[in-house]
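First the structure, in the form of structure tokens, and then the observations on it.
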There are 2 protein chains.
Amino acid sequence: MILDQAASRLEALGNPTRLRIYRSLVRAGSQGSPVGRLKASLGIPSSTLSHHLKTLLAVELVTQERQATTLVCRANYEVMHELVGFLVEECCADASCGSAAGNDAAA
Amino acid sequence: MILDQAASRLEALGNPTRLRIYRSLVRAGSQGSPVGRLKASLGIPSSTLSHHLKTLLAVELVTQERQATTLVCRANYEVMHELVGFLVEECCADASCGSAAGNDAAA
DNA sequence: TCTGTATTTCTAGACTAATCGAAATTACCG
DNA sequence: CGGTAATTTCGATTAGTCTAGAAATACAGA
């Protein structure tokens, strides 16, 4: 993953409203959630929601699929894992950071 | 981690310049990197660098320690892991996303 | 105390994002 | 083909970010 792309994704997730949307989608899991339900459960006006969804869509963090009248949104886990991987990638390239093995209690 | 805090951290990482700084620090590992070296290796003007560092510092993604004249910066791995944890937290709360077990090679 | 180096603060301009109401569009169903 | 519901686009406002040059400050050594 290119740095600028990672930054775009991180930035997309960096807005509280978008992060809320995204997490809601993560929670919804594979069945996803229609835009309308997102709107209702998060209390975000349609236009704002649509705007943010477009941002999330643009960086591939979210996918959409039409189901009859409604548009079902889903979190793209694969991209999220890629992003997490990018963040951790060079961690410990040097030395310490004894947490890669899962032990970061050292804090 | 509170959502707004996570969003702030994600947002901090969402700027290409800051992401570059942060990664440089991640690479530097436990020995960290002085501001001056960051400036030289990344080619970022002092004021801009200082500005971004402050942002990173504010969200605790980076720490600083004075060593004589220079200020040594270090990536805060613990916070990064917390952030990653937050992102993955509810993943699979529902069902699929068969990658939590460490198998996301599908990418 | 004076000097030089390292780093931050001040300042300002250009640009981009966030928000939301209203209108337009799209897709489906009868 | 018309109606209905879901979603997006438009348009405008507001606020905040990114950038960096110049000046100010902090620190260590002589």
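Just so we're on the same page: letters track the sequence lines, and every chain starts at 1.
Note on His52(B): every side-chain N or O is 4.0 Å or more away from OP1 and OP2 of dT17(D).
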Check: Run the side-chain contact (heavy atoms from CB on, under 4.5 Å) check on Phe86(A) and Leu19(B) step by step: do they pass?
Finding: CA-CA 11 Å; Phe86(A) 178 84; Leu19(B) 187 53; 3.9 Å; yes
Next item on the list: Please step through side-chain contact (heavy atoms from CB on, under 4.5 Å) for the pair Arg74(B) and Val72(B), ending with a clear verdict.
Entry: CA-CA 7 Å; Arg74(B) 288 195 189 84; Val72(B) 175; 4.2 Å; yes
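The side-chain hydrogen bond (donor to acceptor under 3.5 Å, both in side chains) check on Gln67(B) picks up nothing, with sequence neighbours excluded. Contacts of Thr17(A) classified as side chain to side chain contact (heavy atoms under 4.5 Å, CB included), with partners at least two apart in sequence or in another chain: Asn15(A), Arg20(A), Ile21(A), Ile44(A), His52(A). Under the side chain to side chain contact (heavy atoms under 4.5 Å, CB included) criterion, Thr55(A) pairs with Ala12(A), Arg18(A), sequence neighbours left out. Under the side chain to side chain contact (heavy atoms under 4.5 Å, CB included) criterion, Glu60(A) pairs with Gln5(A), Arg9(A), Val79(A), not counting sequence neighbours.
Taking atom CG of Leu56(B) as the reference point, atom P of dT7(C) lies 16 Å away to the nearest angstrom. Atom CZ in Arg37(A) sits roughly 19 Å away from atom P in dA5(D) (whole-Å rounding). Rounded to an integer number of Å, the gap from CD of Gln67(B) to C1' of dA6(C) is 14 Å. What separates CG of Leu38(B) from P of dT8(C) is a distance of 10 Å, to the nearest Å. When rounded to the nearest whole Å, the span between CD of Glu65(A) and P of dT7(D) equals 13 Å. The distance between atom CD of Glu11(B) and atom P of dG16(D), rounded to the nearest whole Å, is 12 Å. Across the protein-nucleic acid pair, Ile44(A) atom CD1 and dA18(C) atom P stand 12 Å apart, rounded to whole Å. The distance between atom CZ of Arg66(B) and atom P of dA6(C), rounded to the nearest whole Å, is 12 Å.
Using a 4.0 Å cutoff on non-hydrogen atoms, the parts of residues 12-20 of chain B near DNA chain D are Asn15(B), Thr17(B), Arg18(B), ordered by number.
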Scan nucleotides 8-14 of chain D against the protein and return all N/O pairs shorter than 3.5 Å with their distances rounded to 0.1 Å.
from   : atom 1 : to       : atom 2 : distance (Å)
dT8(D) : OP2    : Ser50(A) : OG     : 3.2
dT8(D) : O5'    : Ser50(A) : OG     : 3.4

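Contact of the Leu83(B) side chain with the Leu13(B) side chain is registered, since non-hydrogen atoms from C-beta on lie closer than 4.5 Å. Side-chain contact between Leu25(B) and Leu61(B): absent, with no pair of heavy atoms (C-beta onward) separated by less than 4.5 Å. For the pair Thr70(A) and Arg37(A), the minimum side-chain heavy-atom distance is 4.5 Å or more.
Residue pairs meeting the side-chain hydrogen bond (donor to acceptor under 3.5 Å, both in side chains) criterion with at least one partner in residues 41-50 of chain A, sequence neighbours excluded, are Lys39(A)-Ser46(A).
Direction of the helix axis in the helix from dT1(C)-dA30(D) to dG30(C)-dC1(D) shifts by 30° between the two five-pair termini, rounded to 10°.
Here the side chain of Tyr77(A) pairs no donor or acceptor atom with the backbone of Val88(B) at under 3.5 angstrom.
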